[in-house]
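Pasting a structure below so you can have a look.
Below, chain A is the first sequence line, B the second, and so on; all start at residue 1.
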2 protein chains.
Amino acid sequence: MLKILTCIDRVPIFSTLSPASVNKVHSIAHHRHYEVGETVFTTGDAVDYLMVLISGALRLSRTNKNGREQIIRELGPGEFYGELALFAELQAEGDLYAIAATDVCMMERKAMQEVLRDSPQVAWSLLGAMANRLAEAERLIANLSLLDVTERLVAELLRLAETGEATASGVRFTLPITWAQLATKLGTTPESLSRRLKQLNHNGLVTTDGRHVHLLNLKALQDILDDA
Amino acid sequence: MLKILTCIDRVPIFSTLSPASVNKVHSIAHHRHYEVGETVFTTGDAVDYLMVLISGALRLSRTNKNGREQIIRELGPGEFYGELALFAELQAEGDLYAIAATDVCMMERKAMQEVLRDSPQVAWSLLGAMANRLAEAERLIANLSLLDVTERLVAELLRLAETGEATASGVRFTLPITWAQLATKLGTTPESLSRRLKQLNHNGLVTTDGRHVHLLNLKALQDILDDA
DNA sequence: CGAGCTGTTGACTTCCATCAACTGTTGTGG
DNA sequence: CCACAACAGTTGATGGAAGTCAACAGCTCG
């Protein structure tokens, strides 16, 4: 009981539910826990539920025959997967696995459809989340196709810098993932990323110590993007 | 008056509207026409409306400083742009232009929000459309990053083949766009595409005459993808 | 200690974009 | 009606960005 209450409690998209709807969600929600590295599903598995994260993090990625992996999206608390399953039987295209200890709420398709019809607010929340994700996906498409590795790296560093702390000369932050994982997100390899980073360092734009990153010249970094 | 009626009439996502909502949509919808090649907006323009296509086709793309263009998505009748604008002020990231004579309905943000709150059916329709578009975008991400040009070409040819007519030896269809435009969709250049196509031809898998395409060996083509 | 993981560096290779030239077609206006 | 411009597509030559392969250093952990 507690865990199901938690389920609804901690998920923003359900924050506006009426008491009646809360009961309905109660009755259809299944709780599930995943450990780091645990697989939720792999390519080809049937998905017929909407999955909302309570805590932790999941990663959706695809891998080709050469073992090359592309991270498609990452899900944090409050985010969800399975929106397409609300509308049709769905074969997963990609692998979903936990990159942190993760708790999720799983809602079956049909029951969730009812909740959505009764609760425009929830539909509205979903719509907003989807619109943002679509915009992000389309930005990634453009970046992969139009920017070289250096430019994609700089773009990501500047993005991460927004969460960092300002210093006299620039911004300092700690990379939340390994450099190899960042390479996979950016659609490149650890080797290439390492070389590009070395070059930025050589040009006096960035210093790194492990995952600790210091951007020394935000303006110059921004310029790299602007002439892209 | 006629054109506004047409607006709602011919757009599937509004097919379930109640009479009251129909009136509301009437009052907020602006009709607009674009000729081939005409620009709807370019990168950085403010977008504060939802735009639904009645007929024609629009293309959303981004171009980098070298003139390299990536097609992000194409919109046909019934499809829409501006979903993100429903939630926030939005700077367009990319250029939107007409690739056919096009009629659209434009709905201002605030008014559209009301319609959505009152009409769960419309929200549901939008949700379904968005979910599909997101899935498509994520497929494109994976393809751009994991497949080489030949594989992306074959994938697209097989997709197009679904709309073609079967022949003794395979499937025949006509390319709906120029080869150069296809190259842009696939994130490559006309030159590269031409070479890959020549190679497929040489291997006896495909013949072409202008935009007329004949796939001679679906199984072999599918194999190329399966080993990817 | 040794195993395993993260990250780096060097040598090599390959795919593909770019540049340039050329063909064939279409359409337009003098 | 022809000439010429504009565009679609092809082909060859070339260069460069980045992926691959391999070896190695440093770190952590059992």
- Query: Using a cut-off of 4.0 Å on non-hydrogen atoms, how would the nucleic acid contact of D148(B) be classed: base, sugar-phosphate, or nothing?
  - Reply: sugar-phosphate
- Message: Measure CG/L146(A) against C1'/dC16(C) and give the value in whole Å, please.
- Response: 15 Å
- Integer-rounded Å distance: dT25(C) C1' and R211(B) CZ: 12 Å
- Task: Using only side-chain N and O atoms of T189(B), determine if any of them is under 4.0 Å from OP1 or OP2 of dA17(C).
- Result: yes
- Query: How about H214(B) and T208(B): does a side-chain donor come under 3.5 Å of a side-chain acceptor?
  - Reply: no
- Query: In whole angstroms, how far is the P atom of dC5(C) from the CD atom of Q181(A)?
  - Reply: 13 Å
- Message: Both conditions, 6.0 Å and 45 degrees, for the charged tip of R133(B) above the ring of F80(B): are they met here?
- Response: yes
- Could one point to a donor on the side chain of R195(B) or the base of dG12(D) with an acceptor on the other under 3.5 Å away? yes
- K198(B) side chain, from C-beta outward: closest of dG10(C), dA8(D), dG12(D): dG12(D)
- Hey, is the side chain of T188(A) poking within less than 4.0 Å of OP1 or OP2 on dG19(D), counting only N and O atoms? yes
- Query: For the pair made of CG in L153(A) and C1' in dA17(D), what is the distance, rounded to whole Å?
  - Reply: 15 Å
- Calculate the interatomic distance between Q199(A) atom CD and dT9(C) atom C1'; express it in whole Å. 15 Å
- Spacing between I177(A) atom CD1 and dT6(C) atom C1', to the nearest angstrom: 13 Å
- Message: Under 6.0 Å between ring centres: does that hold for Y81(B) and F41(B)?
- Response: yes
- Touch class at under 4.0 angstrom, heavy-atom based, for G67(B) against every strand present: nothing
- Message: Just the rounded figure in Å: distance from C1' of dA18(D) to CD of E191(A).
- Response: 10 Å
- Task: Measure distances between side-chain N and O atoms of R196(A) and base N and O atoms of dT8(C), and say whether any donor-acceptor pair falls under 3.5 Å.
- Result: no
- dT25(C) P sits how many Å from D209(B) CG, rounded? 10 Å
- Message: Is it true that T39(A) and D95(A) share a donor-acceptor pair across their side chains at a distance under 3.5 Å?
- Response: no
- Do the side-chain N and O atoms of T63(B) and E69(B) include a donor-acceptor pair separated by under 3.5 angstrom? no
- Note on the structure: Side-chain atoms of S192(B) come closest, of dG19(D), dA8(D), dA17(C), to dA17(C)
- Go through dG7(C), dG9(D), dT8(C) for me and flag the one nearest to the S194(A) side chain. dT8(C)
